[in-house]
Novice: 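My questions all concern the structure below.
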Amino acid sequence: MDVTRPLTDIGMVRSNMILSLTRRSLAVCLASALMLIALPFATGARAADDPAGTFINTLGSRAVEIMKNKTSTTFEQREAQFKDLLVDGFHIKTISRFVIGKYWKEATDAQKASYDDIFVAFITRVYAARFDSYSGQTFEMIETIKDPGGDEWVRTKILQPGGGQPIAVDYRVRLFDGQYKVIDVVVEGISMLNTHRVEFASVINKRGLDGLIAELHARMEDPVAAAAQTGG
Amino acid sequence: MSLREIERTQRGLVRGLQAIVVAVTIISLAACASTKNQTPEAAAEAAAINDPIEDVNRAVFEVNRTLDETLMKPIAIMYRGVVPEFGRERIANALDNLGEPVTFFNDLLQGEFERAGISFARFVMNSTLGFFGAFDVAAEGAGLEKHKEDFGQTLGVWGLGEGPYLMLPLFGPSNPRDVVGLVADIFMDPFTYVFGTATRNARFAASAVSTRSKYIEELEALEKTSVDFYAAMRNLYREKRNADIRNGTLLAGEPMPSVDIDE
């Protein structure tokens, strides 16, 4: 029913095993055998045990779906689809407040309003442009970990079509009124939230909040032509 | 490599190390001077950013970017146009394989004996069965996944702090700890002594082109969506290095400042 499912389950089986050096190849065979047996059952079990993982899996499948139609859609169309995805799956308010940090309190009402306006467009552009540089990649679910602070971390891997080094992507997920929402995406250990916070602080320190808002608008006007075209 | 050449290389490296020590001292002094007239809050923020010579770093960053735009990136794009993906993958693997001894030694220095074993086995398998490292048979056949260690990471594991952020000409983002690591890795690397000057330079150039060609779209997307590309790169480098030192990318348990989302 879902094309990305089998990959997901390989990841689960493999990551649950701590393999010693000598037993590794034997274990890989065993894991493949287990995987075949476990496949028909895994889908149901997964949803019950790991709602955060299921949430990310659904979100990831949607992103893969958007990228699959890359040749028949324009970047603007994909960006619009990514916007829906972000509004559904991300808690934009938390993200926008976190990245602006202490400067939020110092902002006037007019500044707050124009910041909120441009931020949604900006964050959509960021993720759309980033995802658009991918082609043919698939993702694999690894595990879900509880953070001592209460959030959950859903760990995934993006697999390269040519068999290159996979990319580790972790999602920080938080419950808002019983609904899971992403608040941070950590690529290879690099937090998008922290990166934006540092960048925003740097711009505000030099040019003030109005300077940041102007810069966010400028980013939106810069076309993402090169990112829309795939290399390979 | 003749004895004389080794001597010359060593003299050069010692001179380089001296320059680093001087630079680090100047930077530390500059850092002290700049924190004098600050509120505690601003001082804490500066400590988190830890970039006391930001103006100099930014200037170097601009030079590096110009070099990248006019030289590295066009070469990387050309390389991608001429060599098909299969070939690029083989070249990248072979270059990574040459880095395996340095990873092995650093694994040992970090007390990571299982990882040292993996690195050793990978080097032996890939250098022979994998055709001089072109094919990663160790990962594909035996599940021995690739990992990279360097002396900068080793120093981090030993508890040494990174120090102030540094933007090196050509080499890019760094810090005093990683500069020391970079030099130590050259000494540690058996290929430094095995290869002649021309081969060493070719290896360096090939690594630069191969690595750059992997990140053409990603870097472009990052640059186009950054409000401050320099600050973004600084954070990227710092968090990536920390993840490398932890040998893991998970940020769980890292304190996240609370946000007041009700205005």
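Protein chains get the first letters and strands the later ones, always in sequence-line order, with residue 1 at the start of each.
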Novice: Answer yes or no for A:Arg197 and A:Phe98: cation-pi contact, defined as NZ/CZ to six-membered ring centre under 6.0 Å and angle to ring axis within 45°.
Specialist: yes
Novice: Answer with side chain, backbone, both or neither: which region of B:Leu250 has an atom nearer than 4.5 Å to a non-hydrogen atom of chain A?
Specialist: both
Novice: Should the pair B:Asp96-B:Lys148 be classified as a salt bridge under the 4.0 Å nitrogen-to-oxygen rule?
Specialist: yes
Novice: Relative to chain B, which segment of A:Val126 carries a heavy atom at a distance below 4.5 Å: side chain, backbone, both, or neither?
Specialist: both
Novice: Is it the side chain or the backbone of B:Ser226 that comes within 4.5 Å of chain A heavy atoms, both, or neither?
Specialist: both
Novice: Run the salt-bridge test on B:Asp51 and B:Arg58 with the 4.0 Å N-O cut-off and return the result as yes or no.
Specialist: no
Novice: Under a 4.5 Å heavy-atom cut-off, does chain A meet the side chain of B:Ala243, its backbone, both or neither?
Specialist: side chain
Novice: Taking B:Ile216, B:Asp228, B:Ile77 one by one, which has the highest count of heavy-atom pairs under 4.5 Å against chain A?
Specialist: B:Asp228
Novice: What residue, out of A:Ala218, A:Ser191, A:Ser96, has the most heavy-atom pairs lying under 4.5 Å from chain B?
Specialist: A:Ser191
Novice: If the threshold is 4.0 Å, N to carboxylate O, is there a salt bridge linking B:Glu54 and A:Lys206?
Specialist: yes
Novice: Could you have a look at A:Val187, A:Ile145, A:Asp147 and say which one has the most heavy-atom pairs with chain B under 4.5 angstrom?
Specialist: A:Asp147
Novice: Using only heavy-atom distances, determine whether the side chains of B:Asp107 and B:His147 contain a donor-acceptor pair under 3.5 Å.
Specialist: yes
Novice: Measuring heavy-atom distances to chain A, does B:Leu222 have an atom under 4.5 Å in its side chain, in its backbone, in both, or in neither?
Specialist: both
Novice: Could you check which of A:Arg155, A:Arg130, A:Glu215, A:His196 has the highest count of heavy-atom pairs closer than 4.5 Å to chain B?
Specialist: A:Arg155
Novice: Is the shortest side-chain N to carboxylate O distance from B:Glu217 to B:Arg80 below 4.0 Å?
Specialist: yes
Novice: Where on B:Arg238 is there a heavy atom nearer than 4.5 Å to chain A: the side chain, the backbone, both, or neither?
Specialist: neither
Novice: Looking at B:Lys73 and B:Glu220, is any side-chain nitrogen of the basic one under 4.0 Å from a carboxylate oxygen of the acidic one?
Specialist: yes
